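Input: a single structure, listed below in structure tokens.
Computed over heavy atoms, backbone and side chain alike; hydrogens, waters and symmetry mates excluded. Please read all numbers here as calculations on a predicted model, not as lab measurements. Read the numbers this way: they start at 1 and go in the same order the structure lists the ligands and their atoms.
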Amino acid sequence: MAEGNQDTKSSNQMWGGRFASGPDAIMEEINASIDFDKKLFAQDIRGSIAHATMLAHQGIISADDKDKIVEGLNTILSEIQSGRFEFSRKLEDIHMNIEARLADLIGPAAGRLHTARSRNDQVALDFRLWVKEELQKTETMFSDLIAALLDRADEHAESVMPGFTHLQTAQPVTFGHHCMAYVEMFGRDRARVRHAIEHMDECPIGAAALAGTGFPLDRHMTAKALGFREPTRNSIDTVSDRDFALEFLSIAAIAATHLSRFAEEIVIWSTPQFGFIRLSDAFSTGSSIMPQKKNPDAAELVRAKTGRINGSLIALLTIMKGLPLAYSKDMQEDKEQVFDAAENLELALAAMTGMVRDMTIRTDRMRAAAGSGYSTATDLADWLVREAGLPFREAHHVTGRAVALAESKGCDLSDLSLSELQDIHAAITEKVFDVLSVDASVASRTSFGGTAPSQVRQQIAWWRARN
Ligand code: ARG
């Protein structure tokens with residue numbers, strides 16, 4: 001392609017046939033997507049090779065032209081990979097940058113590549129391939145995070161900590177059990193990723209501009225060559241659909257929400273007041289003015305990433321809202337949202353996996369906190385139901401009086417004497433002290449999915465078999 005064609009005065013070399021002059025500078029500025037869609041170069045080239053191969057197989061272009069096209073595209077691939085390719089904003093996007101360079105390299109045969117194809121199905125293909133690969137990468141990252149949590153859960157299946165509701169001490173649980181709650185969340189995220197991959201596994205190329213084409217394509221052949229299950233079934237939908245991008249962003253937003261909850265807990269746990277964990281130096285920073293400080297910056301940033309990821313989801317939902325069928329240029333705005341969300345989700349997942357693996361669990365501090373705040377009050381009430389036959393509501397009332405007494409004396413429930421307890425209810429015996437310890441409390445919660453170490457180990461084994 002002659003360089004002279006690329007000045008602002010001449011019309012676009014790709015579609016400029018009916019244009020007398022080139023675009024206004026502002027038009028070029030608003031129209032060009034190459035600065036961000038160059039990320040799709042490998043997918044664009046793979047798609048073009050599959051398309052050209054199919055065209056030759058169907059006798060739509062000659063085998064000779066196909067060979068030239070494939071060779072040229074491979075040259076371009078290595079030029080881009082080695083940083084030798086010059087991207088031009090005048091050529092708008094990745095598709096036209098590559099096609100123009102192909103013409104430079106192989107001459108008129110390059111013009112045959114775009115037979116029975118439009119940039120509308122081309123970009124739908126490139127972007128779908130990119131999102132599919134990103135989902136596959138994300139799936140692995142969820143598995144890594146789950147593996148890290150399973151290891152910590154295993155290590156701490158018996159380590160007692162306070163369980164909270166309303167961030168008030170509720171009942172003792174184990175740290176292993178708490179970790180497994182996040183395994184469930186990230187497990188659901190990973191399941192959503194797998195489902196999305198299955199959902200989007202249809203090949204757009206061959207839908208052409210919107211109506212399909214009269215050329216005798218074999219869309220099943222291109223679908224197979226590009227690793228898709230099958231071709232899409234409606235050419236109009238194919239070029240106007242960005243559900244795969246919206247699904248990616250929805251999954252990312254839900255996962256970011258999970259990550260932010262965990263990050264928040266890490267921030268709280270690492271304060272001197274809680275002191276449940278110590279973050280490694282690798283995932284914290286110091287203060288430039290206060291020498292004593294160690295800040296949980298990685299956790300705070302993971303917490304914050306939720307903002308921009310949610311923003312990307314809302315942005316693309318809003319871009320797509322009310323768009324008439326089929327393709328509109330609005331849809332060019334889809335990529336930056338997905339690229340940014342993907343980059344930041346990957347970062348957040350990697351940082352969280354690192355923190356989980358590196359943090360020191362301060363079991364002594366967790367145990368001390370677990371025993372305070374009358375966390376075994378429910379165990380006392382349950383004991384009164386089981387051993388003394390009280391209705392639960394009455395047992396709840398009796399226990400409330402024991403808590404009030406302990407509170408007035410400034411001690412724990414287990415520090416009350418037997419006679420003090422018997423003054424509250426005569427049926428209480430020495431055996432009650434067996435259930436007032438945090439270990440006894442935790443060990444007793446053997447209901448399926450409960451916090452007893454035996455249950456936690458059972459759930460760890462279930463997940464290990466699936467990770
Ligand atoms: N750069 C465009 C995009 O990202 C490619 C498709 C352009 N199609 C068109 N009819 N102008 O959406």
Please write down residue, atom name and distance for the protein heavy atom closest to atom 11 (N) of ligand 1.
-> Arg119 NH2, 3.5 Å
Nearest-contact summary for atom 3 (C) of ligand 1 - protein heavy atom, Å | Tyr327 OH, 3.2 Å
Ignoring hydrogens and angles, tell me if any N or O in the side chain of Asp44 forms a donor-acceptor pair with the backbone of Leu40 under 3.5 Å.
-> no
Heavy-atom contacts under 4.0 Å between Glu92 and ligand 1: side chain, backbone, both, or neither?
-> neither
Just say parallel, tilted or perpendicular for the rings of His258 and Phe186, cut-offs at 30° and 60°.
-> perpendicular
Note, Thr446 side chain near Ser454 side chain (heavy atom, < 4.5 Å) | yes
Going by the order shown, which atoms of ligand 1 are within less than 4.0 Å of some heavy atom of Ser33?
-> 1 (N)
Exactly one of Asn310, Leu317, Leu316 clears side-chain contact (heavy atoms from CB on, under 4.5 Å) with Leu313, and that residue is Leu317
Could you list which atoms of ligand 1 come closer than 4.0 Å to a heavy atom of Gln332?
-> 1 (N), 2 (C), 3 (C), 4 (O), 12 (O)
Flag the pair Phe175 / Phe276 as yes when their ring centroid distance falls below 6.0 Å, and as no otherwise.
-> no
Which protein non-hydrogen atom lies closest to atom 10 (N) of ligand 1, naming both residue and atom, and how far is it?
-> Asn120 OD1, 3.0 Å
Starting from atom 4 (O) of ligand 1, locate the nearest protein heavy atom and write down its residue, its atom name and how far away it is, to 0.1 Å.
-> Lys335 NZ, 2.6 Å
Heavy-atom distance to atom 5 (C) of ligand 1: which of Asp334, Asp93, Leu40 wins?
-> Asp93
Charged tip of Lys38 within 45° of Phe87 ring normal and under 6.0 Å | yes
